[in-house]
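Data first, discussion second: the structure below is written as structure tokens.
Just follow the structure's listing: the first ligand is 1, and inside any ligand the first atom is 1. The model shown is predicted, which means the values in this text are computed figures rather than measured ones. Values below: all heavy atoms of this structure, side chains included; hydrogens, waters and symmetry mates excluded.
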Amino acid sequence: MENKSGISLYVHIPFCVSKCTYCSFCSFVPHDDEMAKYLQNLIKEIELVGKKIRKSVFSIYIGGGTPSVLPLGAISQIVEMIKKCFDVLPNVSITIEANPNSINLDKAQEYYACGIRRVSIGLQSASSAVLKTLNRAHNWADFENAIKIVRSVGFEDINADIMLGVPNQSMSDVVDTLEKVIALPITHVSAYGLILEEKTPLLDKVQSGEIALPSEDETVDMYDYVVDTLSKNGFFRYEISNFAKVGFESIHNNNYWARGEFIGVGLNAYSFLDGEHYQNTNNFHAYCKKLSENHLPKEQEEKENPITAQNETIMLALRTTRGLNISKFNKKFGVDFCKKFRNTIDKLIKNDLIVLEKGFLRIKNLYISNSIIVEFFE
Ligand SMILES: C[S@@+](CC[C@H](N)C(=O)[O-])C[C@H]1O[C@@H](n2cnc3c(N)ncnc32)[C@H](O)[C@@H]1O
Ligand code: SF4
């Protein structure tokens, strides 16, 4: 759901306990005083950006990397600074990402006390063999313990990330992982199909034949199983990879899928505001240097291209189960969507691939959404 009156705020924490073999996110294992140095500069950036933004913040997402690797006290310092420098709405939704083995009781208490109410924990799989190939630094017992800890301090809105189609994974691993996840007090699941990213050790190993992935058919079966099992257990799918119990959809991600405005602070963070895109540098030293000189660490800035904006709006909306709100789209872009795409819509409806009802256009089988979405691109 789009929030018309405000923006969401993303805070990037680029540190991890170890680097997973598949991951191309801007994150690394910190040395010496890098965390303290980063925190100091991030706080400065929050102050500088906050002074310039006049819009209210309805959602804050502290992601990474792994925010829970920061030492005790760091997260509440960040949240307090945001509350001081931005117009944060009283009912703001605040999420933090954590790894099973970097969260403890003291940190969980700190997060809850500073107003964070949603926690997202990366599990990926309950199988130790799968976790080992991915170079994950935890096992199932660590995850179970992390859930126990966050529940004990009051968290009720808890997401688990899982991955499908990863090396060494079989259907029985997925069945086992879901059975275990469903038995815990978890309210949201993100199930991501593996993306083999450029310049990752996993891509090298797959390309050299050292590691094999499950076949496309096996991965499709895993996805179908996840969709079916989660829906039987009260999790409804609201986006291609996201499943929530009633009332537990991610407010932050819904804004992103509705192409709402957001500000990103931190290394490599991306912003979209007033029709402009910005991105911070991904160079740690340049980031710290700029801020220590009281300059913002922005690297790229570009005006929104109307065609890209239309295509992105269609793509993001058609990945959700609600679909594209046609009247909203027409109003925003000054077009008549149904007239413009009449032939495409007729063809896709005839082939039973899309549904047009109550003012929304949606894709029937989200697994093949990419091939349908491109039919609406200019
Ligand atoms: C950026 S991580 C942050 C959370 C935390 N660092 C963790 O890994 O537990 C968010 C999620 O993105 C997913 N992810 C990262 N790289 C991926 C890839 N190449 N393909 C699919 N999913 C990926 C993982 O499920 C991960 O939990
Ligand atoms: S998946 Fe998460 S824990 Fe692993 S390297 Fe990426 S950000 Fe770090």
Side-chain angles (χ1 to χ4, degrees), residues 10-30 34-35 38 61-70 75 95-103 107 111 116 118-127 130-140 142-147 150 158-169 173-174 177-178 181 186 188-207 211 213-214 219 222-223 226 239-243 250 252-253 256 264 266-270 282 284 319 367 370:
Y10 174 76
V11 183
H12 191 69
I13 309 296
F15 306 117
C16 290
V17 179
S18 53
K19 188 78 189 173
C20 306
T21 55
Y22 53 85
C23 180
S24 66
F25 280 81
C26 173
S27 69
F28 58 93
V29 180
E34 282 176 337
M35 288 207 273
Y38 186 72
Y61 194 101
I62 307 169
T66 310
S68 55
V69 301
L70 285 181
I75 294 293
T95 302
I96 188 164
E97 282 181 345
N99 267 30
N101 58 346
S102 60
I103 190 158
K107 287 186 187 176
Y111 303 162
I116 300 176
R118 184 170 187 271
V119 62
S120 173
I121 307 183
L123 166 65
Q124 321 314 345
S125 169
S127 150
V130 173
L131 292 172
K132 200 167 166 212
T133 345
L134 300 178
N135 198 33
R136 297 287 297 181
H138 60 86
N139 58 26
W140 167 257
D142 295 326
F143 178 80
E144 214 177 6
N145 190 40
I147 300 295
V150 296
I158 306 170
N159 171 61
D161 284 341
I162 60 170
M163 285 174 76
L164 303 172
V166 296
N168 280 343
Q169 192 177 39
D173 291 329
V174 176
T177 300
L178 270 200
V181 164
I186 283 168
H188 190 287
V189 175
S190 298
Y192 299 115
L194 172 72
I195 299 171
L196 272 180
E197 299 281 3
E198 291 295 323
K199 295 186 190 149
T200 54
L202 184 58
L203 176 66
D204 293 344
K205 286 185 179 174
V206 170
Q207 280 177 340
I211 277 184
L213 298 178
T219 307
M222 289 175 192
Y223 238 106
V226 167
E239 196 264 351
I240 192 159
S241 308
N242 286 277
F243 304 80
S250 162
H252 192 86
N253 287 342
Y256 170 70
L267 195 64
N268 206 216
Y270 186 75
N282 64 2
F284 184 81
R319 288 168 63 96
Y367 200 79
N370 287 347

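Legend: protein N/O/S atoms lying under 2.8 Å from atom 8 (Fe) of ligand 2, waters omitted, number 1.
Here the shortest heavy-atom pairing between Ile103 and Pro100 reads CG2-O, 3.9 Å. In plain terms, the two heavy atoms of Pro214 and Gly165 that are nearest each other are CD-O, 3.5 Å. Ile158 and Ile186 get closest at one heavy-atom pair: O-CG2, 3.6 Å. Ser27 and Cys23 get closest at one heavy-atom pair: OG-SG, 4.4 Å. When all heavy atoms of Asn242 and His188 are compared, the pair lying nearest together is OD1-CE1, 3.2 Å. Looking at every heavy atom in both residues, Pro30 comes nearest to Phe15 through CB-CD2, 3.5 Å.
Counting protein heavy atoms only, atom 1 (S) of ligand 2 is closest to Tyr22 OH, 3.3 Å.
Listed for the Thr66 side chain is no donor-acceptor partner under 3.5 Å among the backbone atoms of Ser68. Panel note: side chain Asn99, backbone Val17; no donor-acceptor pair is recorded below 3.5 Å. A donor-acceptor pair under 3.5 Å is formed between the side chain of Asn135 and the backbone N or O of Lys19.
With rounding to the nearest 0.5 angstrom, the OG1 atom of Thr21 is 12.0 Å from the CD atom of Glu197.
Environment of OH in Tyr256: sparse, with no more than 12 heavy atoms of neighbouring residues, nucleotides or ligands closer than 6.0 Å.
Within 4.0 Å of ligand 1, contacts by protein heavy atoms are made from Tyr22, Phe25, Gly64, Gly65, Thr66, Glu97, Asn99, Gly122, Gln124, Arg136, Asp161, Met163, Tyr192, Gly193, Leu194, Ile195, Glu197.
In summary, the atoms of ligand 2 found under 4.0 Å from a heavy atom of Arg136, numbered by their order in the structure, are 1 (S), 2 (Fe), 3 (S), 4 (Fe).
Taking 4.0 Å as the cut-off, Gln124 does not count as a neighbour of ligand 2 on heavy-atom distance.
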